[in-house]
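Have a look at the structure below before the remarks.
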Number of protein chains: 2
Amino acid sequence: MNIHIDVIVIEDNELFRDSLKEAINKSSDINCKYTFSSGEAALDFIAKEELVPDIILLDIGLPGMNGIELIPELRKLSPTSKIIIITVHDDDENVFNAICAGASGYLLKDLSSEKILASIIEVMNGGAPMNSHIAKKVLNMFRDQNVKSNGYSLSEREKEILSLLVEGLSKKQIAEKIFLSHHTVDSHLRNIYAKLEVHSRSSAISKAIKEKLL
Amino acid sequence: MNIHIDVIVIEDNELFRDSLKEAINKSSDINCKYTFSSGEAALDFIAKEELVPDIILLDIGLPGMNGIELIPELRKLSPTSKIIIITVHDDDENVFNAICAGASGYLLKDLSSEKILASIIEVMNGGAPMNSHIAKKVLNMFRDQNVKSNGYSLSEREKEILSLLVEGLSKKQIAEKIFLSHHTVDSHLRNIYAKLEVHSRSSAISKAIKEKLL
DNA sequence: TGTAAAATCACGCATTTGCGTGATTGAATA
DNA sequence: TATTCAATCACGCAAATGCGTGATTTTACA
């Protein structure tokens with residue numbers, strides 16, 4: 001079979017850009033015809049030539065528009081292209097933004113050319129190659145977003161009522177729904193407010209959702 | 001220097017368990033003294049012997065308590081141990097639960113013994129080795145959790161007021177904070193409710209947070 | 001230049017909410 | 001056995017809320 005993968009490189013450092021291109025073109029299956037030293041140049045060319053690369057190797061630290069900002073623009077012009085970030089920036093914010101913008105891989109610049117080629121293949125096969133420290137960051141961010149707090153020791157009844165609050169029901173509606181007097185619901189609400197240390201329905205709802213209390 | 005990494009294996013398949021142990025013990029730096037065929041056996045032994053392994057290789061499909069349920073228990077007994085999942089289960093739910101429970105790596109069983117050893121080293125160095133398809137799943141789940149909806153075409157002013165709502169302020173407080181008449185705030189609120197298609201403050205707040213409107 | 005949308009302000013009213021201040025019952029726990 | 005705590009119910013009141021029904025002024029844009 002004759003696989004053919006088209007790659008473009010967007011990287012402002014001339015040396016690294018050329019060495020990436022060279023490394024890629026050593027492979028028979030993977031081909032790099034175009035490289036760009038800025039996001040603007042790449043966007044112009046892609047728009048004009050209606051270029052649809054399989055893979056875009058993208059640096060973050062670019063002159064003018066940075067790599068992260070570039071991702072949505074690239075995806076507009078060529079939605080099927082997979083984007084692999086290759087950068088020195090491994091801080092949470094950049095990683096977070098790149099992933100949310102839709103990058104398919106996140107590699108650091110210390111990588112050998114063999115591993116970069118392997119990563120391109122992985123992405124083409126539906127994978128998401130990542131530097132293992134980046135992966136750790138992603139895992140930690142992911143976990144932190146999904147920890148269920150439990151520190152307020154709400155009773156089951158209170159959790160039940162809190163979740164109805166979050167659904168937008170009034171005291172009266174809650175009372176009807178779970179067959180209680182509205183006085184009882186009121187009483188539960190006060191206890192909930194006390195435990196959550198809030199003084200309004202709004203704050204309780206915010207806290208419940210943001211801190212994943214249910 | 002003389003690194004020494006203690007590994008235990010929890011895996012019910014005898015063949016795979018033994019082959020893992022053997023592969024690990026071929027390395028001079030990494031050592032596997034104990035293996036277990038069930039979570040319960042591992043927990044008992046760890047508790048009794050006060051074992052503190054550096055790495056726990058953990059299967060998901062175990063008899064009795066499954067690997068995911070095991071993670072919190074293992075972390076209680078030996079909080080410093082890093083857990084690497086090695087399994088055939090690559091569905092979203094298992095991946096999600098494993099990560100949230102605090103796994104440091106997620107590998108599939110088709111991996112060569114060299115790569116497993118390399119993964120152990122990576123975890124010891126603070127990384128999180130992951131099968132690239134698993135990584136893709138994590139990336140997708142992560143991205144999906146962080147997409148900002150924008151489909152309600154709220155104006156800037158409305159977003160501002162909505163965010164103050166979420167903070168728990170009353171109309172009067174909002175009015176004072178942004179130097180408006182409370183009538184004006186009321187008016188904005190009604191427009192927000194209309195755009196979000198809700199009829200209460202509670203529902204608006206829930207929708208704003210859950211759908212990441214701010 | 002005209003028009004539509006956004007932002008501002010206003011009154012009245014029925015309903016809802018938060019809170020102070022109680023009480024009773026039953027289950028769990030020390 | 002005593003005591004604590006969750007769950008239930010009750011009254012009253014000041015404040016806040018949602019909504020109907022207006023109006024005027026900016027701002028954007030076609």
Side-chain angles (χ1 to χ4, degrees), chain A residues 72-73 76 148-214, chain B residues 72-73 76 148-214:
Chain A
E73 305 302 320
K76 266 182 225 162
K148 292 210 175 180
S149 166
N150 206 29
Y152 299 100
S153 57
L154 295 172
S155 72
E156 283 310 307
R157 199 52 152 173
E158 286 164 348
K159 282 184 197 168
E160 183 185 14
I161 287 173
L162 183 53
S163 71
L164 293 173
L165 254 206
V166 168
E167 285 175 29
L169 303 194
S170 71
K171 280 184 207 176
K172 201 176 286 181
Q173 289 173 319
I174 294 174
E176 284 165 9
K177 185 148 194 169
I178 57 179
F179 310 107
L180 288 178
S181 150
H182 71 274
H183 296 297
T184 308
V185 175
D186 180 79
S187 191
H188 283 303
L189 280 184
R190 296 186 210 197
N191 293 332
I192 292 171
Y193 292 171
K195 287 185 179 177
L196 299 191
E197 296 170 45
V198 298
H199 304 281
S200 73
R201 176 167 295 225
S202 300
S203 305
I205 291 173
S206 288
K207 207 155 188 171
I209 303 177
K210 285 181 179 169
E211 304 190 16
K212 304 198 190 298
L213 303 183
L214 309 174
Chain B
E73 305 304 319
K76 267 181 222 160
K148 294 207 174 180
S149 164
N150 205 29
Y152 299 100
S153 57
L154 294 173
S155 72
E156 282 311 305
R157 198 53 150 174
E158 286 164 350
K159 282 185 197 168
E160 183 185 15
I161 287 173
L162 182 54
S163 72
L164 294 172
L165 256 206
V166 168
E167 284 174 32
L169 304 193
S170 70
K171 280 184 206 174
K172 200 178 286 181
Q173 289 172 317
I174 293 174
E176 284 163 8
K177 185 147 194 168
I178 57 180
F179 308 109
L180 289 177
S181 151
H182 66 95
H183 295 297
T184 308
V185 175
D186 179 78
S187 190
H188 283 303
L189 280 184
R190 295 187 210 198
N191 293 331
I192 292 171
Y193 292 171
K195 287 184 181 178
L196 299 190
E197 296 171 50
V198 298
H199 304 280
S200 74
R201 177 168 295 227
S202 301
S203 304
I205 292 173
S206 288
K207 207 154 190 171
I209 303 176
K210 284 181 179 170
E211 304 190 16
K212 306 202 188 293
L213 302 183
L214 309 174

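Reminder, nothing fancy here: chain letters follow the sequence lines and each chain counts from 1.
Taking atom CG of L165(A) as the reference point, atom C1' of dT17(C) lies 11 Å away to the nearest angstrom. Spacing between atom CG of L189(A) and atom P of dA6(D) amounts to 16 Å, rounded to whole angstrom units. Rounded to whole Å, atom P of dC13(D) lies 14 Å from atom NE2 of H183(A). In this entry the distance linking CG of L164(B) with P of dA16(D) reads 16 Å, nearest Å. If you measure from atom NZ of K171(A) to atom C1' of dA10(D), you get 13 Å, rounded to the nearest angstrom. One atom, CZ of R157(B), and another, C1' of dA6(C), lie 11 Å apart when rounded to the nearest Å. Look at CZ on R190(B): it is 17 Å from P on dA16(D), rounded to the nearest Å. E197(A) places its CD atom 17 Å from the P atom of dG18(C), with the value rounded to the nearest Å.
Between the side chains of E197(A) and Y152(A), no donor-acceptor pair is found at a separation under 3.5 Å.
For T184(B), counting side-chain heavy atoms from C-beta on, the closest listed nucleotide (dA7(D), dC9(C), dT17(D)) is dC9(C). Residue Y193(A) places its side chain closer to dC19(C) than to any other of dC19(C), dA6(C), dC9(C). Residue S181(B) places its side chain closer to dC9(C) than to any other of dC9(C), dG18(C), dT17(D). Proximity note for K195(B) (side chain, C-beta onward) versus dA6(D), dA10(D), dA6(C): the nearest is dA6(C).
Here K172(A) reaches the OP1 or OP2 of dT16(C): one of its side-chain N or O atoms lies under 4.0 Å away. Distances shown here put a side-chain N or O of H188(B) below 4.0 Å from the OP1 or OP2 atom of dT8(C).
Within 4.0 Å (heavy atoms only), N191(A) reaches no atom of the nucleic acid at all. Contacts of H182(A) with the nucleic acid, taken as non-hydrogen atoms under 4.0 Å apart, are absent. The residue S187(A) sits close to a base: some heavy atom pair falls under 4.0 Å.
Both D186(B) and I161(B) lie near DNA chain C, and the one whose nearest nucleotide falls closer to the 5' end is I161(B).
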